[in-house]
Amino acid sequence: MTPRRPRPAARLLLLDPDDRLLLFRFAANDRPPFWCTAGGAVDPGESYAVAARRELIEETGFDLDPGAEVARRHVDFTSLEGVPVTADERYFLIRAPHTDIATHGHTELERRVMQSWRWFDRAELRDWPERIFPEDIVEMLDLLLERAP
């Protein structure tokens, strides 16, 4: 059995002015399509907050302060590159001023597998026919938005 690699990651709970969440649809050859928050691996020497800001700029074009970490989880999965990982995911709640995103900063892999995106309200997230990660995203948002000013 191949040992799992540690994968620190900054995940972005990016909300529009109507509290809709931005998710990207991943379509890879080795698994059914799924939806996931923006964000990605922390580069060597980066803090989670710095990685969150970098990922936000690269994947959406927004240059915003990610603020404080709002949630954390550990999860095992196989990356899109086929590497078994144990991810230490740190989540950041960010408010976007509008819904227009720019994807010019996507990597070659992201351009290949992240072929669409949309803003979801929580009702849509509850009933969406494809898998969404994290699987408890609605509960996470409910809790965070209850606490948010």
Side-chain angles (χ1 to χ4, degrees), residues 1-43 46-62 64-99 101 103 106-107 109-110 112-149:
M1 182 169 149
T2 305
R4 293 191 172 278
R5 278 196 194 152
R7 183 181 190 267
R11 307 299 322 171
L12 312 176
L13 301 170
L14 184 63
L15 300 177
D16 74 1
D18 295 320
D19 283 344
R20 294 179 305 166
L21 177 69
L22 179 68
L23 294 178
F24 286 92
R25 185 175 188 265
F26 287 76
N29 294 335
D30 65 340
R31 62 195 85 187
F34 63 93
W35 294 80
C36 192
T37 62
V42 174
D43 287 341
E46 273 186 323
S47 68
Y48 283 89
V50 168
R53 186 173 204 145
R54 176 184 50 76
E55 288 287 342
L56 181 65
I57 294 168
E58 289 173 1
E59 293 186 2
T60 70
F62 289 118
L64 303 169
D65 181 355
E69 177 184 317
V70 297
R72 181 180 183 182
R73 72 181 56 225
H74 290 88
V75 61
D76 291 339
F77 62 90
T78 300
S79 73
L80 293 169
E81 297 91 348
V83 178
V85 299
T86 295
D88 178 359
E89 298 181 335
R90 312 287 177 96
Y91 286 81
F92 296 82
L93 180 65
I94 305 166
R95 301 235 176 225
H98 54 78
T99 59
I101 69 167
T103 59
H106 284 193
T107 66
L109 174 64
E110 289 166 340
R112 193 170 67 246
V113 299
M114 290 171 44
Q115 298 174 353
S116 61
W117 60 88
R118 76 187 298 272
W119 298 88
F120 287 85
D121 66 37
R122 284 180 276 164
E124 292 172 313
L125 292 170
R126 283 183 185 89
D127 297 322
W128 199 252
E130 294 175 309
R131 289 189 78 177
I132 294 175
F133 295 104
E135 293 176 333
D136 65 342
I137 191 72
V138 174
E139 293 80 10
M140 182 187 286
L141 287 172
D142 286 346
L143 180 65
L144 292 170
L145 293 176
E146 268 178 29
R147 292 188 291 184

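A distance-only check finds no donor-acceptor pair linking the side chain of Glu55 to the backbone of Arg11 [under 3.5 Å]. Panel note: side chain His74, backbone Asp88; no donor-acceptor pair is recorded below 3.5 Å. Of the possible donor and acceptor atoms, none in the side chain of Trp119 sits under 3.5 Å from a partner among the backbone N and O of Asp16. Of the possible polar contacts, one joining the Arg4 side chain to the Val85 backbone as a donor-acceptor pair under 3.5 Å is found.
Identified under the salt bridge (Lys or Arg N to Asp or Glu O under 4.0 Å) test for residues 21-37, with sequence neighbours left out: Arg25-Glu130.
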- Message: As a quick check of understanding, evaluate side chain to side chain contact (heavy atoms under 4.5 Å, CB included) for Arg20 and Thr99, giving each step before the final call.
- Response: CA-CA 9 Å; Arg20 294 179 305 166; Thr99 59; 3.4 Å; yes
- Query: Passes side chain to side chain contact (heavy atoms under 4.5 Å, CB included), Phe133 versus Glu89? Steps please.
  - Reply: CA-CA 12 Å; Phe133 295 104; Glu89 298 181 335; over 6 Å; no
- Message: For a side chain to side chain contact (heavy atoms under 4.5 Å, CB included) check, start with the C-alpha distance between Arg112 and Leu80, then their side-chain angles and the critical distance, and finish with the verdict.
- Response: CA-CA 11 Å; Arg112 193 170 67 246; Leu80 293 169; over 6 Å; no
- Item | side chain to side chain contact (heavy atoms under 4.5 Å, CB included) between Leu22 and Glu59, intermediate numbers included | CA-CA 11 Å; Leu22 179 68; Glu59 293 186 2; over 6 Å; no
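Of the options Asp121, Asp142, Asp136, a salt bridge (Lys or Arg N to Asp or Glu O under 4.0 Å) to Arg126 is made by Asp142 and by none of the others. None of Leu93, Leu21, Leu56 except one satisfies the side chain to side chain contact (heavy atoms under 4.5 Å, CB included) rule with Leu12; the exception is Leu56.
No more than 12 heavy atoms of other residues, nucleotides or ligands sit less than 6.0 Å from atom CZ of Arg5.
A cation-pi arrangement is absent between Arg90 and Phe92 under the rule of less than 6.0 angstrom and at most 45 degrees off the ring axis.
No side-chain heavy atom of Leu14 sits under 4.5 Å from any side-chain heavy atom of Thr37. Put simply, the side chain of Tyr48 does not reach to within 4.5 Å of the side chain of Arg72, judged on heavy atoms.
Taking the six-membered ring where tryptophan is involved, the planes of Phe34 and Phe26 are essentially parallel, since the angle between them stays under 30° and well short of 60°.
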